[in-house]
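Chain letters run A, B, ... following the sequence lines, proteins first, then strands; residues in each count from 1. Below, all heavy atoms of this structure are taken into account, side chains as well, without hydrogens, waters or symmetry copies.
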4 protein chains.
Amino acid sequence: MTKRSRGRPRDESVDTAVVEAAVAEIAEKGLTAATMEAIAARAGVGRATLYRRWPNKSALLYFCADQLAEVIQPADTGDLRKDLLTVFEPLAELSYGDGPLALLAPTFIAAAAHDEQMRAFVADNVLSRRSGAVVALRRARRRGELRQGVNVNLTVDMIAGALSDRAYLLGKPVTSAYVRSVIDQVIAGIVTERGS
Amino acid sequence: MTKRSRGRPRDESVDTAVVEAAVAEIAEKGLTAATMEAIAARAGVGRATLYRRWPNKSALLYFCADQLAEVIQPADTGDLRKDLLTVFEPLAELSYGDGPLALLAPTFIAAAAHDEQMRAFVADNVLSRRSGAVVALRRARRRGELRQGVNVNLTVDMIAGALSDRAYLLGKPVTSAYVRSVIDQVIAGIVTERGS
Amino acid sequence: MTKRSRGRPRDESVDTAVVEAAVAEIAEKGLTAATMEAIAARAGVGRATLYRRWPNKSALLYFCADQLAEVIQPADTGDLRKDLLTVFEPLAELSYGDGPLALLAPTFIAAAAHDEQMRAFVADNVLSRRSGAVVALRRARRRGELRQGVNVNLTVDMIAGALSDRAYLLGKPVTSAYVRSVIDQVIAGIVTERGS
Amino acid sequence: MTKRSRGRPRDESVDTAVVEAAVAEIAEKGLTAATMEAIAARAGVGRATLYRRWPNKSALLYFCADQLAEVIQPADTGDLRKDLLTVFEPLAELSYGDGPLALLAPTFIAAAAHDEQMRAFVADNVLSRRSGAVVALRRARRRGELRQGVNVNLTVDMIAGALSDRAYLLGKPVTSAYVRSVIDQVIAGIVTERGS
DNA sequence: CGTTAACCGAGACGGTACGTCGTGTCTTCAC
DNA sequence: GTGAAGACACGACGTACCGTCTCGGTTAACG
């Protein structure tokens with residue numbers, strides 16, 4: 001039984017509104033220019049309410065990241081290409097598209113550069129998103145579809161790297177077509193002649 | 001011939017000292033925590049001198065980026081693997097290692113997310129660094145070493161992406177060994193049977 | 001009934017502390033050398049608090065002047081000499097002695113020279129302080145104690161002028177003895193033979 | 001014989017121009033707001049020239065005061081009223097009128113409050129201007145024109161005080177008529193019945 | 001009559017105060 | 001007890017002034 005405290009219960013809708021507001025502000029103006037004041041105003045909330053729920057701006061940032069993180073469940077279709085698409089197409093949509101996470105990611109990257117905790121958080125998150133791809137590739141290897149000497153982790157790094165690079169460094173949209181072309185080229189390089 | 005202006009000439013050594021100080025401060029503490037005051041002090045310079053040369057912190061950031069940018073000249077060895085190594089090993093050292101640019105890169109990425117000018121700047125810089133690899137691959141294709149259907153740009157994206165991903169998202173060091181293993185795996189996937 | 005505003009009420013003790021600190025700083029170092037920072041520190045207050053209450057240094061100066069202004073109430077003793085002493089001895093103590101107003105007065109005089117508002121403020125203040133003397137002299141005239149042709153305002157100007165001159169121009173202390181000697185000489189000059 | 005240095009001699013006209021400019025700036029905007037830059041510009045001179053001749057703003061201020069100071073020579077007419085007028089009318093014109101000294105005086109008063117040297121300077125100057133009046137009164141006493149018990153210095157204090165008070169504290173013009181009315185009232189109070 | 005030393009202007013430089021604004025803490029009123 | 005409002009201490013930002021300095025260019029006396 002959850003301990004029910006005495007007074008007025010917290011408005012649960014506030015969390016959602018704040019995260020949404022925070023992400024929007026940060027995406028538009030950057031972390032520094034995104035004022036707690038502005039976030040509160042955009043969420044239709046007082047500044048004190050923010051500080052009652054999160055001790056500081058960083059904590060709010062972490063919370064936003066947590067809220068936005070969703071685990072991508074890979075299907076086991078028996079077909080490597082399909083499996084990889086199942087992993088990377090939603091990931092592209094989520095992390096490199098127009099979604100809230102995509103907008104925050106650059107901020108996280110910058111924060112990770114001089115914040116140990118953020119570094120761990122980002123790495124953890126990134127790895128868990130890609131884990132499906134690793135599983136899919138291992139299944140393919142077990143089915144004997146992979147060439148000799150193919151490094152599974154490296155392969156995933158290259159696919160994901162091409163996508164994140166395009167999004168964060170080149171600033172170009174990561175379309176579904178681009179994801180497919182990356183995966184196709186990778187598969188062409190790693191599967192045996194018989195495969196496909 | 002540059003017209004010599006009347007008053008006391010600017011101390012050219014200041015630029016260097018300031019860039020060095022700024023990079024160090026930003027790398028250590030992050031963009032926000034890197035105070036103009038601290039940068040000035042570290043460079044042995046008055047705060048006013050900073051503002052005389054750069055109108056604000058952002059302008060200084062741009063200038064630092066400009067100063068740090070160096071073009072990597074690829075050698076034409078006739079061997080694809082060697083050519084790629086010649087491009088990506090220094091790039092890894094420069095952009096993903098311990099060098100000043102590597103320390104600033106995450107800051108630039110975050111800035112690019114909400115600043116059109118910075119976005120263009122980063123993309124431009126990134127592309128020019130990799131251009132050597134594109135050239136090397138095209139030479140290899142002309143020599144008939146590449147499999148049919150290999151997309152050169154995509155291939156470069158994957159190599160560079162794997163490296164930047166490892167550095168910025170996973171926070172792991174981009175060693176020379178890692179660079180080699182990526183390139184080897186890529187080559188294994190794209191060259192014809194006869195090649196190698 | 002004053003409407004109580006919503007947020008945290010202003011700490012009323014701050015005004016007092018700040019005025020005291022400001023006066024002390026200005027008296028010691030002069031208006032320019034009296035830093036807002038130093039005033040805030042001396043008052044045990046943040047610099048922002050100063051700017052929340054007064055838009056700038058000048059406004060604070062005005063406020064100090066207002067706080068320091070006190071009306072001197074002349075007693076009606078029926079004796080001109082006593083009445084004048086009742087007005088000018090406290091005034092000397094207040095405006096030309098060691099009191100806070102005395103220390104600020106030169107600053108106000110300088111400000112008045114190029115600031116219409118300050119000029120009006122100073123003149124107003126000065127006149128109101130002396131008004132008691134004017135009243136006392138008029139009472140004396142009504143009692144028939146004054147010589148023919150004595151100009152009351154001029155007489156007050158001369159008494160007060162002698163005091164302020166001594167304090168501000170000569171930098172000598174305006175002692176009680178000096179006040180008495182001035183008043184005595186004036187009375188000797190303006191009262192009828194029968195008077196006294 | 002003045003040591004004549006080798007190089008280009010100083011432009012003597014600069015001193016005059018600078019003093020004029022400095023007085024104008026200070027009178028218009030006050031000591032603080034009167035920038036060295038602005039003074040230099042107004043004098044049609046470089047900022048460095050100012051600092052070559054005066055080590056700092058205060059020194060320039062002193063110099064201005066020195067330049068402006070002129071000794072008032074009292075005539076010995078044998079008539080007290082005429083003598084006093086000869087002293088105080090030019091003094092009123094000079095110190096309390098529209099002249100340059102009148103414009104600087106408030107600034108000096110403020111500076112004297114926390115600057116020992118300036119205090120001495122002002123007192124000295126003030127006393128020397130009035131010395132003529134003291135002499136005239138003493139002559140009158142020797143002629144037996146003064147009532148018993150009249151304090152000469154106090155009398156001068158009152159006359160001068162009334163004038164300076166009117167100018168600096170009340171901000172009203174010190175007209176020739178006002179000077180005369182003050183002197184007349186004083187004389188009426190201090191001379192013997194036979195006198196006049 | 002050419003040297004030469006000091007002048008003059010312009011403007012960079014290290015410092016420091018100003019006034020603005022954001023952070024995180026707090027205190028008060030209303031619900 | 002929660003939420004809104006806003007005061008508070010702290011500290012960074014960007015501007016402006018001070019007094020120092022280092023330039024290029026000028027000018028008059030000396031040699």
Quick one: is C/R6 getting a side-chain N or O under 4.0 Å of the E/dC29 phosphate, OP1 or OP2?
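No, outside the criterion.
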
Return the minimal non-hydrogen interatomic distance between B/L31 and B/K57, and the atom names on each side.
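Scanning both residues completely, I find the closest heavy atoms to be O-NZ, 3.0 Å.
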
Considering all heavy atoms of both residues, which atom of A/L60 and which atom of A/V18 are nearest to each other, and what is their separation?
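So the minimum-distance heavy-atom pair works out to CD1-CG1, 3.8 Å.
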
Using whole Å, what does the distance between atom P of nucleotide E/dG22 and atom NZ of B/K57 come to?
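Roughly 14 Å, once rounded to whole Å.
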
Between F/dA7 (P) and C/E12 (CD): distance, integer Å:
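After rounding, the reported distance stands at 12 Å.
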
Say whether, by atom type as modelled, one donor and one acceptor occur between the side chain of D/Y62 and the main chain of D/M118 under 3.5 angstrom.
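Yes; judged by distance alone, with no hydrogens or angles, the pair exists.
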
Quick one: does D/K29's side chain have a donor or acceptor within less than 3.5 Å of a partner on D/T35's backbone?
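Checked: no pair found.
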
Per [X] side chain, nearest of listed nucleotides [options]:
X	options	answer
B/V45	F/dA4, F/dG14, E/dG14	E/dG14
B/N56	F/dC23, F/dG14, E/dG19	F/dG14
D/Y51	F/dG3, E/dT20, F/dC18	F/dC18
D/R52	E/dC7, F/dA4, E/dC18	E/dC7

Do the side chain of C/R8 and the base of E/dC26 come within less than 3.5 angstrom through a donor-acceptor pair of N or O atoms?
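Checked by distance alone, the answer is yes.
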
Side-chain-base donor-acceptor pair under 3.5 Å for B/R47 and F/dG14
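Such a pair exists between side chain and base.
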
Students often get this wrong, so: under 4.0 angstrom with heavy atoms, is C/A48 touching a base, only sugar-phosphate, or nothing?
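Result for C/A48 = base.
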
